[in-house]
2 protein chains.
Amino acid sequence: MNLQQFRFVRETIRRNFNLTEAARSLYTSQPGVSKAIIEFEDELGIKIFERHGKRIKGLTKPGQAVAQVIERIMLEVDNLKRVSDEFAREDEGSLTIGCTHTQARYLLPRVIPAFRERFPKVRLQLAEGDPVTLARMVLHEQADMAIATETLARTPGLATLPVYEWEHTIVIRPDHPLAELRSSAARAISLEQVAAYPIVTYDRAFTGRSSIDAVFAKKGIQPDIVLEAIDADVIKTYVDVGLGIGIIAGIAFDPRRDKGLIGLPAGHLFGSHTARVAVKSGVFLRDYVYVLIEMLAPHLTRDMVQEAVENSGVVEA
Amino acid sequence: MNLQQFRFVRETIRRNFNLTEAARSLYTSQPGVSKAIIEFEDELGIKIFERHGKRIKGLTKPGQAVAQVIERIMLEVDNLKRVSDEFAREDEGSLTIGCTHTQARYLLPRVIPAFRERFPKVRLQLAEGDPVTLARMVLHEQADMAIATETLARTPGLATLPVYEWEHTIVIRPDHPLAELRSSAARAISLEQVAAYPIVTYDRAFTGRSSIDAVFAKKGIQPDIVLEAIDADVIKTYVDVGLGIGIIAGIAFDPRRDKGLIGLPAGHLFGSHTARVAVKSGVFLRDYVYVLIEMLAPHLTRDMVQEAVENSGVVEA
DNA sequence: GCCAATTACGCACACCGTAAATATT
DNA sequence: AATATTTACGGTGTGCGTAATTGGC
């Protein structure tokens, strides 16, 4: 029994039970893989793979159980490398952050400079995508962590923790009829008033869009959504050119920078949302990952995160 | 990087950082172990062991992290063997049950015959001991499971589930003064009445003995304990020869078989206790272990137990 | 007939054991 | 001086590659 056999079994499964593929992706000979697996099966005294003659078709029942254990073993073996890297090259390494445009554009800039200063040798990479994609990236270890609002919390295999709460903001031009609500009575704006105008907002896959739809649907109102985009900058641009009113994440509206526009808080209409950070449960996280998460949300202490990772926990907001 | 290296590291730690010992217990040469570990350290790029010159003293900080991961890997590797055995020889294998005398003598006889019938090829072994020893046995995988009342629930690394609740019974001879309480007013017996007579009961390490002591201490009563034993049979014998009154686990008193004695329920004095079954968390359990546990306590379904084992849970009574 | 897995075979090297050297208590 | 670890060195076995064979689709 050896690690190589584990690798072969795992890769064969991942390559849809094609030994040739598995061998190639592990840079070794196909007969070698075949032999190793057969020897492994002999040693365990069971068949791992279902064979039709010579063709491998899938996993046997014992194979399924074995595969699960192997998966866990290899996860830990990978952790071994990470652990030693952590100590061997304390503050070096790479960090891939999966996030939505909103986070990349409005949240991360608040912490990345300080992070760079603290860990100048860590290679950073931002990978943008929609929440579902992000979850998959973390699960497949293509990203070390992901930040987004939807989906993440519900994905098995991920540990997620709340980073911050946010509400939507309605963005309008100063000359828009709704602008008179800007000062005191902003909170009095109603769903009907909003629905009276053309709306520019997020694409369906993103940042709380589904809750917007749900709210309108519940009231039986059909909003006039004239444009969907994946980022607030685009939305604000179209609001600015008079296409309609915008609904964006609160974090994406900055009164100072967005001088030509007015923002009306809309939490009372579309509810409150929680942006979450997700990491793959069970993986060993480099020190700087913990530091970054704590920079993002001081309440997320190393202990909390560690606890969540080890018990594949979803920490509630 | 290979499994052998993991084994060497783990064994060296277990043998108090004595390579020679580790090598011997793994039936290999000491220089081989030394070399393998050094190569492993080189590959990881860290030192696992703290060395004073050539003497190995302990784990370095990275070593501690690595050791944890290795421990988990080896646990899973052992599981691999168990998993395959489960399928290779479906209903064969061995089962070592750690338990106190009380369980071995009064609880297990109720289920073992049925178990034998269902799994005639499983080699059974009862290992008696006090709860602390039992916990350690399960932790060290010298026993597959343990049944006892105390300690088990509080041991980290064990998953424990409640099997049954029980109360103490006071055992007396028919000619004893307390015998008049036998019929209706049994529950009226007081601590003071009990303390008025010499007592024969369990050894300090066992079955709810600590709660007996605690109850007396709380009331400031000094009981006259004339004899301590680890099992109820011995206690009953000495009660029978007139040494005093006995306090034993309720399960150990059977009115039909213990004809010469009278049992008075004493739950109102010494409280209610929960006997628990413990298994090591994280291990793969053979099918027949689940079956036995369910025989012991029908409410402990396979799913419940599995859940507890996987999440190292302590399921409350 | 083409593609994929297994069997056959041979080499190289990694692993482990013995023996010697070195360092620590 | 005794004990424990590391270094040195040599033989054996196994792991892996190439080539050939067998077996599905």
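In the text below, chain A, chain B and the rest are named by the order of the sequence lines, each starting its count at 1.
OP1 or OP2 of dG17(C) lies within a sub-4.0 Å distance of a side-chain N or O belonging to Thr28(B). Taking only side-chain nitrogens and oxygens, Gln5(A) never comes nearer than 4.0 Å to OP1 or OP2 of dG15(D). For the OP1/OP2 pair of dC15(C) and a distance below 4.0 Å, the side-chain nitrogens and oxygens of Asn2(B) include at least one atom meeting the criterion.
dT14(D) atom C1' lies 13 Å from atom CD of Glu43(A), rounded to whole Å. Atom CE of Met1(A) and atom C1' of dT14(D) are 16 Å apart (whole Å). As a whole-Å value, the separation of Phe8(A) CZ from dA5(C) P is 14 Å. Protein atom NZ of Lys57(A) is 13 Å distant from nucleotide atom P of dT6(C), rounded to whole Å. The CD1-C1' distance, from Ile48(A) to dA5(C), rounds to 16 Å in whole Å. One interatomic measurement links the two molecules: CZ of Arg24(B) to P of dT3(D), which rounds to 12 Å at whole-angstrom precision. Remark: C1' of dT6(C) and CG of Asp42(A) are 13 Å apart, rounded to the nearest angstrom. The CG-C1' distance, from Leu26(A) to dG15(D), rounds to 15 Å in whole Å.
In this structure the side chain of Glu86(B) reaches within 4.5 angstrom of the side chain of Asp287(B), judged on heavy atoms. In this structure, the side chains of Phe119(B) and Leu292(B) stay at 4.5 Å or more apart for every pair of heavy atoms. Counting heavy atoms from C-beta on, the side chains of Leu108(B) and Cys99(B) come closer than 4.5 Å.
With hydrogens and angles ignored, the 3.5 Å screen pairs no side-chain donor or acceptor of Ser84(B) with any backbone N or O of Ile46(A). The backbone N or O of Arg55(A) sits nowhere less than 3.5 Å from a side-chain atom of Arg51(A) that would complete a donor-acceptor pair.
Remark: Phe8(B) engages no residue in a ring pair (Phe, Tyr, Trp, His ring centres under 6.0 Å) (not counting sequence neighbours).
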Protein-nucleotides 5-8 of chain D N/O pairs under 3.5 Å:
{"from": "dT5(D)", "atom 1": "OP1", "to": "Leu19(B)", "atom 2": "N", "distance (Å)": "3.1"}
{"from": "dT5(D)", "atom 1": "OP2", "to": "Leu19(B)", "atom 2": "N", "distance (Å)": "3.4"}
{"from": "dT5(D)", "atom 1": "OP2", "to": "Thr20(B)", "atom 2": "N", "distance (Å)": "3.2"}
{"from": "dT5(D)", "atom 1": "OP2", "to": "Thr20(B)", "atom 2": "OG1", "distance (Å)": "2.8"}
{"from": "dT5(D)", "atom 1": "O3'", "to": "Lys54(B)", "atom 2": "O", "distance (Å)": "3.1"}
{"from": "dT5(D)", "atom 1": "O2", "to": "Lys54(B)", "atom 2": "NZ", "distance (Å)": "3.4"}
{"from": "dT6(D)", "atom 1": "OP1", "to": "Arg51(B)", "atom 2": "NE", "distance (Å)": "2.7"}
{"from": "dT6(D)", "atom 1": "OP2", "to": "Ser34(B)", "atom 2": "OG", "distance (Å)": "2.6"}

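Listed here is the closest heavy atom pair of Arg302(B) and Glu294(B): N-OE1, 3.9 Å.
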